[in-house]
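Data first, discussion second: the structure below is written as structure tokens.
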Amino acid sequence: MNDIDSFKKTKFNLREFIERYLYHWKWFVASIIIAIVGSFLYLRYATPQFKVEAIILIYDKENESVTSEISAFRDLGIDGNNNSKFGTEMGILRSRSLTENVVMKLGLNKMYYRQGRIHDIGLYGTSLPFKFNFFNKDSLIHNTDTLISIIPTSKTKFDLLDAQDRIVGSYLFGENVESNIADFTVTPTETATIEVGLKINLTIKPLSIVADQYRRALRIEQIDRETSLIMISIEDPIKERAEDIVKLLIQEYNLEGISDKTLIAENTEKFINERIDRIFEELTLLDSDTQDFKTSNYLTDIDSESRLIISTNSELEKEALDLSTQLKLVGYMSDFINNKENELIPTNLGLSNISLNQSTVIYNEILMERNRLLKGASSQNPIIANLDSQLLDLKRSISQSLSNLESSLTISLNDLRKQENKLSSKITAIPKQERALKDIERQQQIVETLYLYLLEIREENAIKLAVKAPNAKVIDAPYGSNNPVSPKRMLVLFISLLLGLLIPFMFLNISFLLNNKVNSTLDVESVISAPILGEIPRFKDLSNYTLKHDDKSPLVEALRALRTNIDFALAKNKTASKNIFISSTVEGEGKTSLSVNLAKIFALSSKKVLLIEGDIRKPSLAKILEVNNKEGLSNYLTDDTIKPETLIETVSLNLDFLQSGAVPPNPTELLLNGRIEQLFDYANKIYDFVIVDTSPVGVVTDTILLSQNRTDLFIYLVRANYLDKRMLKIPKKLYETNQLDNMTIVLNSSEPRLAYGYNQIYGLSRTPWWKRVFT
């Protein structure tokens with residue numbers, strides 16, 4: 001087999017695939033009807049769910065100061081953890097404690113139901129005709145799991161029922177009822193009328209279980225990452241109850257937030273007051289330290305005192321410089337007077353001694369007078385001698401004055417040096433004192449700043465205590481549509497329709513996968529390349545069917561079509577008589593019934609037909625044709641004296657029959673003795689068709705021996721929904737090895753609508769719509 005043929009056999013055929021399932025269309029229709037009816041029943045009696053939504057704005061005042069900075073980071077593509085605040089708030093809204101408060105305040109652990117035909121109907125709020133009032137502690141009721149039923153017998157009385165619906169007592173509305181659970185009263189409400197005879201059930205469940213149920217039902221989500229809006233939603237069979245749950249949840253959330261803020265503010269106030277007292281004491285202590293430091297160091301203002309000391313020191317340095325200069329001058333003059341004789345003494349040197357300056361002037365005048373007189377007189381002149389005496393005395397006086405001035409200047413200079421040293425020590429000590437004072441003042445400033453800050457915080461905290469703002473603002477109040485969100489009618493119908501199609505498809509597909517039988521000619525063609533001669537539709541009792549000339553049943557039409565195909569297959573055979581052998585793989589495939597009916601259909605066409613029962617091991621044709629058992633083929637093969645014409649009997653017009661005869665012990669050896677050729681030579685001279693019903697080829701080899709070299713057409717019968725697909729390897733091998741001459745395939749017991757369209761060809765039945773679509 002080449003690649004093209006292999007591809008043709010393995011490629012997917014959509015039409016065949018659809019027809020395979022459409023044959024079982026009744027199952028699909030029944031499944032769809034059941035599914036749709038089930039969906040309508042579900043929609044009729046399912047408890048509708050209403051959705052209630054609310055939108056709140058979460059205040060985030062603590063983070064308002066950094067909003068612009070966060071926005072700037074977002075503009076740069078850096079997303080900060082701005083969702084942490086809202087994640088925390090959503091976690092609080094989902095918290096068990098908050099949900100338990102809502103359930104407890106609304107009394108949702110006590111559920112009221114009115115008895116219905118299919119299921120009980122929930123009652124809440126304005127639909128409640130009366131309420132139960134329990135006198136025991138709430139902690140006991142909140143941990144109880146029980147059922148209480150009552151039936152109003154009038155507008156003022158009711159019967160109390162136990163768990164088995166037995167009446168345990170009759171009471172008045174408002175009358176105290178004693179029970180092992182808790183004492184209670186039943187009081188009518190003004191929102192709904194009491195229906196006499198209508199059973200009302202009260203189901204009490206533990207508070208924690210009910211809270212968990214509603215906690216799981218709550219949906220809390222942030223609407224957008226860029227906003228502070230949170231959506232709260234819940235689905236519940238009663239819209240009024242769902243609205244109350246969401247509304248109270250928001251209220252409890254705000255109350256809890258206010259409570260937390262109040263507690264925080266009170267604790268903050270207590271802490272701030274304690275810190276203010278301690279800081280005030282610390283500030284007082286620092287003020288005292290500052291005072292002691294200034295007192296001990298004789299400080300008033302370090303900056304002013306330092307400037308004054310530096311100015312004084314500069315003046316002292318200037319005075320010391322003047323004194324040093326005068327000392328130098330005194331030294332110069334002393335050296336000059338002591339070493340120079342009769343020379344003028346320098347004047348106006350800046351000495352501070354006035355008498356010395358005057359003596360120096362007088363000395364210079366006398367000396368100039370002496371020198372003038374000495375030009376005209378000798379040194380022995382009494383006037384000159386007198387002047388010399390005066391000069392000597394003045395010189396001594398000047399020297400003494402210089403000595404005294406030097407001592408005076410030295411003393412003054414030493415005093416200045418001492419003063420300079422004191423001022424220098426003060427200047428050196430100023431930085432250290434200034435640093436120490438600044439340390440004290442810095443601590444004082446820090447404590448004072450903290451003190452002022454705490455005073456400011458205390459005022460802000462006092463404002464918070466006075467103004468208690470909620471955590472959230474309601475943007476959209478709890479609202480729910482009057483149309484339930486579930487069950488969704490169109491979705492349920494669509495799913496039911498889908499299930500109606502999928503369930504039979506799934507079961508059929510499983511049955512197809514598990515089915516290892518031959519179902520159609522497609523299964524045969526996928527294994528054997530032998531030509532398909534035709535199909536015989538499934539019939540209840542094919543062997544006992546009576547053929548008539550005017551019969552137009554699907555079976556007869558299929559046999560007629562098979563006869564036509566046989567004539568076409570034998571068209572090139574020019575012999576007067578044709579030998580047709582019929583066999584199958586195993587017993588029970590209908591080869592004997594086909595042999596009988598094929599012989600009958602040829603006889604109806606005025607052909608002379610001989611039907612030979614070639615299965616000499618297990619004969620059954622005589623019983624089908626309702627003829628008496630007598631000698632037959634086995635007797636002919638055994639006894640050389642028997643003539644064929646003595647064994648052949650007439651069954652009907654144009655149809656003769658040769659039965660198998662007695663079952664021999666050695667059928668294979670009989671078929672090899674040569675007598676069978678004489679039989680066929682005789683039959684081919686008299687009959688138009690010789691049809692031989694042979695043994696199954698999958699059991700014995702008699703068929704191969706019987707048909708060898710004398711077969712004009714070999715019909716290999718395959719029974720649908722009977723033969724295992726794995727057995728098709730037997731006819732495949734026989735065809736490929738040419739052990740059976742002119743081998744063709746006929747499918748027996750095929751489904752009528754999957755046959756080759758006999759009904760449509762002959763107009764025996766109306767063409768199905770799907771056939772018209774895919775044809």
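Only this structure's heavy atoms are used, side chains among them; waters, hydrogens and symmetry mates stay out. Quick caveat, the model's predicted, so the values are computed rather than measured.
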Those residues at least two apart in sequence (or on a different chain) that pass side-chain hydrogen bond (donor to acceptor under 3.5 Å, both in side chains) with Thr650 are Asp656
Between Asn684 and Asn579, does a side-chain hydrogen bond (donor to acceptor under 3.5 Å, both in side chains) hold up when you go through it step by step?
-> CA-CA 8 Å; Asn684 291 146; Asn579 298 328; 2.7 Å; yes
Residues two or more places apart in sequence or in another chain: which of them pass side-chain hydrogen bond (donor to acceptor under 3.5 Å, both in side chains) with Glu736?
-> none
With Arg726 via salt bridge (charged side-chain N to carboxylate O under 4.0 Å, His left out) - residues at least two apart = Asp724
Between the main-chain N or O of Ser39 and the side-chain N or O of Arg44, is there a donor-acceptor pair closer than 3.5 Å?
-> no
Taking only residues two or more places apart in sequence or in another chain, which ones pass side-chain hydrogen bond (donor to acceptor under 3.5 Å, both in side chains) with Tyr636?
-> none
So, the side chain of Gln659 versus the backbone of Glu613: is there a donor-acceptor pair under 3.5 Å, distance only?
-> no
Counterpart residues, ring-ring contact (aromatic ring centres under 6.0 Å, His included), relative to Phe714 (two or more places apart) = none
Classify the side-chain pair Asn748/Tyr722 by whether it contains a donor and acceptor separated by less than 3.5 Å.
-> no
Nearest heavy-atom approach of Met743 to Pro531 is O-CD, 3.8 Å
Hey, does Phe602 have a side-chain heavy atom less than 4.5 Å from the side chain of Ile691?
-> yes
Test side-chain hydrogen bond (donor to acceptor under 3.5 Å, both in side chains) applied to Arg219 - qualifying residues, sequence neighbours left out | none
